[in-house]
Amino acid sequence: MTATVRRTSCNLCEAICGVLVTVDNGRVTDIRGDESDPLSRGHICPKAVALRDLQDDPDRLQRPVRRTADGWEELSWQAAYDLVAERLATIQREHGKNAVGVYLGNPNVHSLGALTHMPPLVRLLRTRNRFSATSVDQLPHMLASYLLYGHQLMIPVADIDRTSYLLMLGANPLASNGSMMTAPGFAKRLKEVRARGGRVIVIDPRRTETAAVADEHHFIRPGTDAAFLLALVHQVLADGVEDTAPYVDGLAELREALAGWTPERAAPITGIDADVIRRIAREFAAADRAACYGRLGVSAQRFGAVCQWAVQLLNIVTGNLDRPGGTLVPKPAVDILSRMSRGHAGVWKSRVRGLPEFGGELPAASIAEEILTEGDGRIRAMVTIAGNPVLSTPNGRRLDEALGTLDFMVAVDPYINETTRHADVILPPTPPLERDHYDLVFHQLAVRNTARWNAAVLPRPDDARHDWEIFRGLGYAYTKATFDAKRLKKALPSLATLRLNPRLIVAAGLRTGPYKLSLRKVRKSAGGIDLGPLQPSFPERLRTRNKRIDLVPALLMDDLDRARKALLDRDSEGDGLLLIGRRHLRSNNSWMHNSTRLTKGKPRHQLLMNPGDLSRRELADGQKVRITSASGTVDVEVAATEDMMPGVVSLPHGFGHSKEGTRLSVANKVLGVSANDLTDPALLDDVAGTAALNGVPVTITACP
């Protein structure tokens with residue numbers, strides 16, 4: 001049989017790089033970059049090559065399994081659907097609809113079938129106990145966009161291909177490929193910025209891979225980014241060089257609110273000299289095309305919402321919002337903004353702590369307490385879809401304990417991992433190479449407008465199911481188990497969506513989208529269709545009711561007082577150690593450690609620590625140390641590096657495998673501990689509900 005080369009894209013991270021996959025006798029033999037892709041331009045990273053590992057992984061489940069006294073047992077798909085539906089329906093009949101909780105993991109946004117068919121299934125369950133990776137990740141981006149621009153996904157991205165001044169905080173795109181800014185081949189794009197005379201400034205507590213190639217890098221104390229960003233905005237306004245669009249309101253109120261956020265006040269808090277803050281503000285305002293971009297480091301902290309608001313404020317008051325080379329909202333071929341909710345905040349709150357929902361989801365940091373705390377509305381059953389919150393949400397040990405107390409749990413996941421080992425039933429979907437794909441979300445965040453359809457590279461086995469087919473099967477079975485004429489009438493729209501093949505949904509979206517494309521045309525285009533660079537589109541595309549931007553939303557102005565009391569109204573941050581996370585190019589949260597290709601090489605699990613901090617504690621490079629926080633204790637090797645800001649230590653996220661009952665033969669051999677055994681569910685952004693995964697106070701001692 002002759003080998004064939006097939007075009008698709010790697011949908012393991014946000015970069016959505018085009019790839020060429022060689023298939024010989026039904027097996028993948030080679031994966032390389034697709035130079036015809038107008039967005040990725042031939043770039044790939046090691047994750048794309050590891051698509052082979054996901055396909056061939058012997059640990060990957062291929063049929064439904066249920067837990068028995070003698071271990072896991074396979075069962076038919078229909079039997080699995082019926083079992084799950086009956087158990088969920090029974091629990092809701094006995095304890096109320098909110099007795100079922102749902103957790104949605106990061107991989108859902110990388111799957112077409114999950115994006116089209118998972119929402120209607122969740123709606124059928126009618127529970128308010130919905131959680132996702134959003135509240136341990138990008139929620140502050142979405143909240144700021146909702147309040148300023150009228151839609152939670154109207155997120156301006158840095159026009160990196162045309163900017164002349166790029167300011168980045170808490171972001172390491174050389175490792176992430178451009179998170180919340182789909183920019184494959186970021187290293188090359190960064191070189192192009194500098195080649196045309198532009199400047200790149202990085203603010204981060206660690207000298208990251210990105211910081212190492214920037215024009216400037218400045219250490220900043222974790223959790224104080226809001227003070228730095230607001231001082232920049234203050235300086236622009238104090239200099240009188242603001243350049244706001246005519247559809248922007250609230251400038252006078254903003255000027256008054258930021259009167260005290262001076263570079264001099266911010267300097268001792270952030271660790272960045274006042275003259276440096278003032279200079280960066282003036283350079284940013286004077287640049288002909290400037291963009292400020294803040295990512296996870298500024299989102300997953302106590303003042304993440306204020307930080308992302310301040311990022312937008314800096315871009316707006318300098319005239320760089322909706323400007324080529326500044327920040328622009330992409331115009332994808334499928335307009336998902338018109339197909340999903342604008343968003344809402346605080347419509348309901350969590351039962352135990354009264355934490356606010358956003359966009360219909362409660363903070364993931366509250367899952368364990370909602371399971372363990374007795375009373376009406378307690379979660380007694382969980383549905384987890386493509387997530388591993390035991391490793392990815394705060395105080396994973398407590399959540400691990402909580403999941404073990406449930407009356408029932410079902411997981412849609414291809415692995416028996418640290419979370420799904422608690423499930424009663426696991427329903428495994430097909431792997432990426434066996435399913436069609438179109439990126440609905442990441443075209444909305446891309447630095448260039450493109451459209452690409454990716455047909456399945458390999459055929460699906462007869463006894464396998466795509467994720468959208470699993471959601472359809474569960475939805476039908478659940479509706480049958482809970483049949484009620486009145487309820488059925490309300491469920492009809494969701495059931496109608498579940499009947500559709502995702503291909504039909506994409507085709508309709510392309511046909512009615514801004515470019516009026518046919519799916520046939522997109523499919524026939526090698527590498528996809530280039531729809532051009534990002535273009536100005538405000539105020540026409542604003543989703544606010546009056547097509548204007550209010551710089552001072554009440555929710556964020558109120559939170560400004562909390563930030564002022566916590567940051568400005570004290571002289572220093574003390575001398576304790578603060579923990580931050582980090583990311584590696586070969587890793588993506590917790591779900592890529594079962595790939596031999598991605599985990600080989602030097603260990604990447606160590607705690608990074610400044611040599612001076614080691615010396616003061618009489619610790620040595622390579623020594624095993626004990627890290628203690630308010631939530632727990634872990635033991636791990638420490639590595640000395642000048643890349644860490646004094647007073648700050650870094651531990652990677654997603655490690656900590658080897659729990660009893662998992663089936664991850666490669667991951668269980670990967671060294672490391674879970675950083676989320678140290679993070680504290682009590683440390684939250686009070687407005688957004690985002691977990692504060694960075695800036696966690698810790699102590700470091702020698703292991704006994």
Side-chain angles (χ1 to χ4, degrees), residues 57 59-95 97 99-105 107-108 111 113-114 117-118 120-122 124-127 129-132 367 371 379-390 399-400 402-431 460-461 463-482 498 591 659-664:
D57 192 344
D59 291 333
R60 179 172 61 84
L61 298 174
Q62 300 190 47
R63 285 167 290 280
V65 294
R66 65 176 173 185
R67 180 189 303 282
T68 73
D70 298 321
W72 295 101
E73 173 186 274
E74 288 190 359
L75 70 168
S76 72
W77 284 100
Q78 192 58 54
Y81 298 151
D82 292 341
L83 171 59
V84 171
E86 184 55 41
R87 294 291 288 122
L88 295 179
T90 298
I91 288 170
Q92 287 184 314
R93 277 194 295 268
E94 294 177 356
H95 303 287
K97 61 184 181 181
V100 170
V102 178
Y103 178 82
L104 310 174
N108 285 294
S111 168
H117 284 60
M118 176 262 295
L121 172 65
V122 174
L124 287 174
L125 294 175
R126 301 167 298 120
T127 178
N129 278 318
R130 301 196 295 266
F131 314 88
S132 82
I367 301 175
I371 296 173
I379 295 175
R380 298 170 181 271
M382 279 294 297
V383 180
T384 65
I385 303 175
N388 192 1
V390 167
L399 180 58
D400 193 30
L403 294 177
T405 69
L406 290 168
D407 295 344
F408 182 74
M409 177 175 166
V410 57
V412 179
D413 200 286
Y415 289 106
I416 302 174
N417 61 31
E418 291 74 19
T419 296
T420 63
R421 69 194 180 110
H422 292 289
D424 296 279
V425 177
I426 304 177
L427 305 167
T430 52
R460 182 198 70 182
D463 57 350
R465 297 292 182 271
H466 299 310
D467 48 10
W468 65 271
E469 293 174 309
I470 294 173
F471 300 136
R472 181 179 62 187
L474 286 175
Y476 288 177
Y478 177 80
T479 301
K480 181 180 178 182
T482 59
L498 289 174
W591 58 288
K659 291 185 181 295
E660 183 180 353
T662 61
R663 192 182 296 175
L664 299 165

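Quick note: residue numbers are just sequence positions, from 1.
- In this structure, Ser111 contributes its side chain and Asn108 its backbone to no donor-acceptor pair below 3.5 Å.
- Looking at heavy atoms from C-beta onward, Leu88 lies out of side-chain contact with Leu474 at the 4.5 angstrom threshold.
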Worked verdict on Arg663 versus Leu61 for side chain to side chain contact (heavy atoms under 4.5 Å, CB included)
CA-CA 10 Å; Arg663 192 182 296 175; Leu61 298 174; 3.8 Å; yes
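- Between Gly661 and Ile416 the shortest heavy-atom distance is O-CG2, 3.4 Å.
- Here the side chains of Asn417 and Trp591 are not in contact, with every heavy-atom distance at 4.5 Å or above.
- No hydrogens or angles considered: nothing links the side chains of Tyr415 and Asn388 as a donor-acceptor pair under 3.5 Å.
- Rounding to the nearest 0.5 angstrom, the gap separating the OG1 atom in Thr127 from the CD1 atom in Ile379 is 7.0 Å.
- Using a 4.0 Å cut-off between a side-chain N of Lys or Arg and a carboxylate O of Asp or Glu, Arg421 and Asp413 do not qualify as a salt bridge.
- Put simply, the side chain of Asp407 never gets that close to the backbone of Ala381: no donor and acceptor are under 3.5 Å apart.
- Remark: side-chain polar atoms of Arg130 are not paired, donor with acceptor, to backbone N or O of Leu104 under 3.5 angstrom.
- At least one side-chain heavy atom of Val122 sits less than 4.5 Å from a side-chain heavy atom of Met118.
- A heavy-atom distance below 4.5 Å is found between the side chains of Arg472 and Trp468.
- With rounding to the nearest 0.5 angstrom, the OG1 atom of Thr420 is 9.0 Å from the CZ atom of Arg67.
- Between Trp77 and Tyr81, the ring-plane angle classifies as tilted under the 30° and 60° cut-offs.
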Requested in this report: Check the pair Leu83 / Arg66 against side chain to side chain contact (heavy atoms under 4.5 Å, CB included), numbers first and verdict last.
Outcome: CA-CA 10 Å; Leu83 171 59; Arg66 65 176 173 185; 4.3 Å; yes
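- Note: Arg63 CZ to Glu74 CD = 4.5 Å, rounded to the nearest 0.5 Å.
- Between the side chains of Arg93 and Thr90, a donor-acceptor pair is found at a separation under 3.5 Å.
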- Task: Show the numbers, then the answer: is there a side chain to side chain contact (heavy atoms under 4.5 Å, CB included) between Leu498 and Leu124?
- Result: CA-CA 11 Å; Leu498 289 174; Leu124 287 174; 3.9 Å; yes
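- Under the 4.5 Å side-chain criterion, counting only non-hydrogen atoms from C-beta, Glu418 is in contact with Thr662.
- The closest donor-acceptor contact from the side chain of Gln92 to the backbone of Leu125 lies under 3.5 Å.
- None of Asp400, Thr384, Thr405 except one satisfies the side-chain hydrogen bond (donor to acceptor under 3.5 Å, both in side chains) rule with His422; the exception is Asp400.
- No donor-acceptor pair under 3.5 Å is formed between the side chain of Thr482 and the backbone N or O of Ala89.
- Residues Pro414 and Pro429 form a side-chain contact, since some pair of their non-hydrogen atoms from C-beta on lies under 4.5 Å apart.
- At distances below 3.5 Å, at least one donor-acceptor pair connects side-chain atoms of Thr419 with backbone N or O atoms of Val390.
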